[in-house]
2 protein chains.
Amino acid sequence: MNITLDDIARRAGVSRATASRVINNHPHVNPAVRERVWQAIRETNYQPNLPARSLASRRSQVIGIIIPQPIHTLFADPYFPLLIEGIAHVCNERQFSIMLDLATTTDSDPYRHLGRRGFLEGAIVASAVEDQFLLQWLAQETIPVVSVGRITSLQAIPYVDVNNRYGARMLVEHLLSQGYRRIATITGPMNIVAGRDRFAGYSDALHAAGLPVLPELVVEGNFSEQSGFTAMQTLLRLVPIPDAVFAASDMMALGALKALRAAGLSVPGDIGLAGFDDIPLAAAMTPALTTVRQPIGELGQTAAQLLLDRLATDSLAPVTQRVMLPTELVIRDSCVRQH
Amino acid sequence: MNITLDDIARRAGVSRATASRVINNHPHVNPAVRERVWQAIRETNYQPNLPARSLASRRSQVIGIIIPQPIHTLFADPYFPLLIEGIAHVCNERQFSIMLDLATTTDSDPYRHLGRRGFLEGAIVASAVEDQFLLQWLAQETIPVVSVGRITSLQAIPYVDVNNRYGARMLVEHLLSQGYRRIATITGPMNIVAGRDRFAGYSDALHAAGLPVLPELVVEGNFSEQSGFTAMQTLLRLVPIPDAVFAASDMMALGALKALRAAGLSVPGDIGLAGFDDIPLAAAMTPALTTVRQPIGELGQTAAQLLLDRLATDSLAPVTQRVMLPTELVIRDSCVRQH
DNA sequence: CAAAACCGTGAAAGCGCTTTCAGGGAGCGT
DNA sequence: ACGCTCCCTGAAAGCGCTTTCACGGTTTTG
């Protein structure tokens with residue numbers, strides 16, 4: 001059988017209550033007693049039973065990462081792994097565990113009542129599609145939640161986000177400064193704030209330059225490589241074709257690049273191309289991709305900090321915190337105007 | 001306050017025991033009563049408290065994925081994401097949750113006594129470096145564990161693996177058939193079985209062809225892109241340089257390719273290159289990489305099935321199961337002998 | 001027709017921990 | 001000396017669930 005707290009207490013000659021106090025670092029324990037208990041713990045290799053602890057204390061030291069996307073899309077893009085890495089870093093430091101909540105495609109209501117079940121003390125939701133299920137869940141949930149990326153329709157949820165709009169604008173202004181004028185964009189999903197914001201930045205830049213936003217130059221994608229490929233094919237049917245393309249994610253830029261290659265066009269020779277994210281692959285592509293760097297890991301770290309801080313001060317008051325992280329323009333070789 | 005099983009019982013006019021039986025689908029409950037209980041559950045949106053259930057039943061419906069590697073290396077390679085995806089697929093089907101157990105670099109003993117703590121019902125360990133800590137942990141652990149990849153020094157642990165040795169041999173034989181004779185290899189870590197096996201396959205092929213394994217043509221890497229880059233630089237100092245290189249992972253092949261490019265060499269024009277894994281990137285590279293396909297997702301699925309089957313039949317007998325999945329040679333453009 | 005098997009149910013005993021409450025002893029001010 | 005506060009400790013009451021046991025009733029068996 002396993003060693004329990006009672007065994008420790010007996011061995012140290014104290015009551016279970018005192019043993020518990022020692023383990024949880026409560027004050028008001030005689031130093032000598034404290035040491036006796038620790039010794040018993042070391043000698044027996046005692047490990048507290050987590051479910052029992054959770055049940056009694058209502059704290060599980062576990063947070064969930066919720067990504068409301070089909071599993072297979074989750075890892076196609078290095079964005080999520082990098083984000084998770086950032087979160088994990090902070091959680092490890094603070095002795096929290098991470099529960100990966102991967103939604104199945106078939107489950108219509110995947111993250112229902114996570115809080116009530118008592119397993120998760122808090123949750124980080126990333127890349128939130130603003131659908132009915134998610135919003136409903138967030139509204140009903142009883143555990144603290146932090147969102148990576150704003151959720152416009154629920155202002156009360158603390159979030160950490162990057163300045164997508166400004167970043168996109170800087171990028172497109174860079175394209176304009178290179179002399180490109182017929183700039184197309186492959187947007188992200190318009191039901192995600194990041195998708196809308198990056199498109200807004202694109203519009204901002206064109207407007208500021210006195211250029212119109214032409215509907216035929218705007219194609220919606222979903223951040224995936226495949227959608228970039230398809231969107232680019234659509235853009236290539238235009239006459240004349242665009243002289244540059246801003247893809248709202250690096251993976252879409254990669255897909256677009258493949259479509260251009262397939263069509264026998266060279267980048268940046270025939271057409272300029274730029275992305276967003278600065279995933280590791282962006283630097284490795286030929287040509288190296290000009291893009292906007294998001295501090296993805298930092299995004300995860302900040303979200304975790306926000307959440308864990310909130311759990312630590314178990315004030316029930318709904319804290320609404322917002323953190324905005326900067327983006328950075330990374331100029332490489334994929335959109336250099338050649339005269 | 002939250003709804004408890006007692007509330008359900010009261011509402012349905014039965015005892016808590018009966019309500020519990022209904023929830024857990026036990027037999028010997030009157031169908032009418034069963035329906036009354038379900039109705040109460042639906043009406044109240046009741047969700048069982050997981051820690052309480054775990055405590056009472058000693059089953060948590062949670063398994064851990066343990067990857068004994070520093071976090072930052074974990075996601076650099078799509079191998080792990082694909083593996084996790086496979087595991088998640090099976091777990092979702094069977095209502096199990098996944099706990100990602102990411103070791104910190106600073107924690108010397110990261111996965112100690114996971115079982116004792118009562119949170120994890122079982123664990124999948126992947127890419128096991130055969131170090132002291134891991135072996136010690138596996139030996140002491142009280143929960144069922146399945147390994148992805150063999151662990152030679154602990155025969156008792158069920159595993160699922162791919163035929164690394166045979167796959168590597170087929171690949172190198174392909175290189176030989178292309179006319180390459182001075183074939184170098186960048187191996188994986190020699191403290192991982194997969195690293196050793198792939199090297200063994202390389203040796204097998206050379207021996208079968210009556211060729212010696214020259215020590216200067218063998219450089220050890222660690223599966224990462226960076227290590228492939230460095231190793232290739234080492235190989236390029238040889239006189240003459242190899243006419244082909246077998247990298248034991250696609251990421252290392254990518255690193256090697258970059259080193260070759262940097263040295264002004266073309267692939268496959270000046271030197272042949274082949275990898276192992278067939279990650280999505282392999283097909284996307286220029287030139288497209290000849291490699292060996294591992295069914296990574298299937299690997300994860302099988303591991304999860306093995307583990308969950310074992311948990312379901314809670315026979316305490318140590319079941320030792322081994323599953324070997326096939327590899328497949330994928331011939332693309334990176335090692336075509338041009339005359 | 002008695003004995004045996006089975007079914008459906010509730011009472012009650014935990015699972016291993018946290019936390020409240022109360023109390024004894026020590027220290028301090030008056 | 002007395003009352004007060006503060007420190008340390010143990011007893012005991014749960015946390016919300018599963019599971020064993022016992023029991024009456026019904027059905028099957030020999």
Side-chain angles (χ1 to χ4, degrees), chain A residues 1-38 40-41 44-62 113 115-121 142 314, chain B residues 1-38 40-41 44-62 113-121 142-143 314:
Chain A
M1 291 299 95
N2 269 338
I3 298 139
T4 73
L5 192 55
D6 277 315
D7 298 328
I8 298 299
R10 212 168 304 126
R11 203 180 174 97
V14 298
S15 75
R16 197 193 323 145
T18 299
S20 172
R21 287 192 189 99
V22 171
I23 284 178
N24 294 294
N25 261 320
H26 285 192
H28 307 318
V29 178
N30 184 309
V33 171
R34 195 181 284 276
E35 181 45 42
R36 275 217 313 284
V37 172
W38 275 121
I41 290 173
T44 53
N45 241 326
Y46 167 73
Q47 297 285 119
N49 178 299
L50 261 20
R53 190 191 277 233
S54 301
L55 181 58
S57 70
R58 291 141 177 291
R59 337 197 77 229
S60 64
Q61 304 262 95
V62 178
H113 296 148
R116 278 204 194 162
R117 318 193 82 202
F119 237 60
L120 263 36
E121 241 182 279
T142 52
D314 45 19
Chain B
M1 292 297 96
N2 271 336
I3 299 141
T4 73
L5 192 54
D6 277 315
D7 298 328
I8 298 299
R10 213 168 303 126
R11 205 180 174 96
V14 298
S15 74
R16 198 193 321 146
T18 299
S20 172
R21 286 190 189 101
V22 171
I23 284 178
N24 294 295
N25 261 320
H26 285 192
H28 309 317
V29 178
N30 184 310
V33 172
R34 195 180 284 277
E35 181 45 42
R36 275 218 312 283
V37 172
W38 275 121
I41 290 173
T44 53
N45 242 327
Y46 167 74
Q47 297 285 118
N49 178 299
L50 261 21
R53 190 192 279 234
S54 301
L55 180 58
S57 69
R58 290 141 177 292
R59 337 196 77 230
S60 63
Q61 303 264 93
V62 178
H113 297 148
L114 285 175
R116 278 204 194 163
R117 317 194 83 202
F119 236 62
L120 263 35
E121 241 182 278
T142 51
I143 56 175
D314 46 19

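Labels below follow one simple rule: chain letters A, B, ... track the order of the sequence lines, proteins then strands, and each chain is numbered from 1. Bear in mind the structure is a predicted one, so any value in this text is a computation, not a measurement.
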Peer 1: Which residue lies toward the 5' end of DNA chain C, B:Ala56 or B:Val33, if each is placed at its nearest nucleotide?
Peer 2: B:Val33
Peer 1: Output the rounded distance in Å from NE2 (A:His26) to P (D:dG10).
Peer 2: 16 Å
Peer 1: Output the residues of residues 5-19 of chain A in contact with DNA chain C, where contact means a heavy atom of the residue under 4.0 Å from an atom of the strand; sort by number or write none.
Peer 2: A:Leu5, A:Arg16, A:Ala17
Peer 1: Can you tell me how far P of C:dT20 sits from CZ of A:Arg58, to the nearest Å?
Peer 2: 12 Å
Peer 1: Considering only side-chain heavy atoms of A:His28, which listed nucleotide, D:dC8, D:dT19, C:dG16, is closest?
Peer 2: D:dC8
Peer 1: Could you check how far CG of B:Asn24 sits from C1' of D:dG16, rounded to whole Å?
Peer 2: 13 Å
Peer 1: Closest heavy-atom contact between B:Tyr46 and B:Thr4?
Peer 2: CE1-C, 3.6 Å
Peer 1: With a 4.5 Å cut-off on side-chain heavy atoms, are A:Asn2 and A:Asn49 touching?
Peer 2: no
Peer 1: With a 4.5 Å cut-off on side-chain heavy atoms, are B:Val37 and B:Val14 touching?
Peer 2: yes
Peer 1: Using atom CZ of A:Phe119 as one end and atom C1' of D:dC15 as the other, report the distance to the nearest whole Å.
Peer 2: 15 Å
Peer 1: Just checking A:Ser57: base, sugar-phosphate only, or nothing, at a heavy-atom cut-off of under 4.0 Å?
Peer 2: sugar-phosphate
Peer 1: Send over the distance from A:Arg59 CZ to D:dC15 C1', rounded to a whole Å.
Peer 2: 15 Å
Peer 1: Quick one: does any side-chain atom of A:Arg36 pair with a main-chain N or O of A:Ala12 as donor and acceptor, under 3.5 Å?
Peer 2: yes
Peer 1: Nearest whole Å is fine: how far is D:dC17 P from A:Asn49 CG?
Peer 2: 17 Å
Peer 1: Students often get this wrong, so: under 4.0 angstrom with heavy atoms, is B:Thr4 touching a base, only sugar-phosphate, or nothing?
Peer 2: sugar-phosphate
Peer 1: Is a side-chain donor or acceptor of B:Ser60 paired with a backbone partner of B:Ser54 at a separation under 3.5 angstrom?
Peer 2: no
Peer 1: Would you list the pairs meeting salt bridge (charged side-chain N to carboxylate O under 4.0 Å, His left out) in which at least one residue belongs to residues 14-29 of chain A, sequence neighbours left out?
Peer 2: A:Asp6-A:Arg16
Peer 1: Using only side-chain N and O atoms of A:Tyr46, determine if any of them is under 4.0 Å from OP1 or OP2 of C:dG16.
Peer 2: no
Peer 1: Tell me: CD1 of B:Ile23 to P of D:dT18, nearest whole Å?
Peer 2: 6 Å
Peer 1: Heavy atoms from C-beta onward define the side chain here; which of C:dG16, C:dT9, D:dC17 lies closest to that of B:Ala52?
Peer 2: D:dC17
Peer 1: Are the side chains of B:Leu5 and B:Ile23 in touch, meaning some heavy atoms are under 4.5 Å apart?
Peer 2: yes
Peer 1: Closest to the A:Leu55 side chain: C:dG16, C:dT18, C:dT20?
Peer 2: C:dG16
Peer 1: Assuming nearest nucleotide by heavy-atom distance, tell me which of B:Arg21 and B:Pro51 is located more 5' along DNA chain D.
Peer 2: B:Pro51
Peer 1: Expressed as a whole number of angstroms, how long is the span from B:Asn30:CG to D:dG25:P?
Peer 2: 16 Å
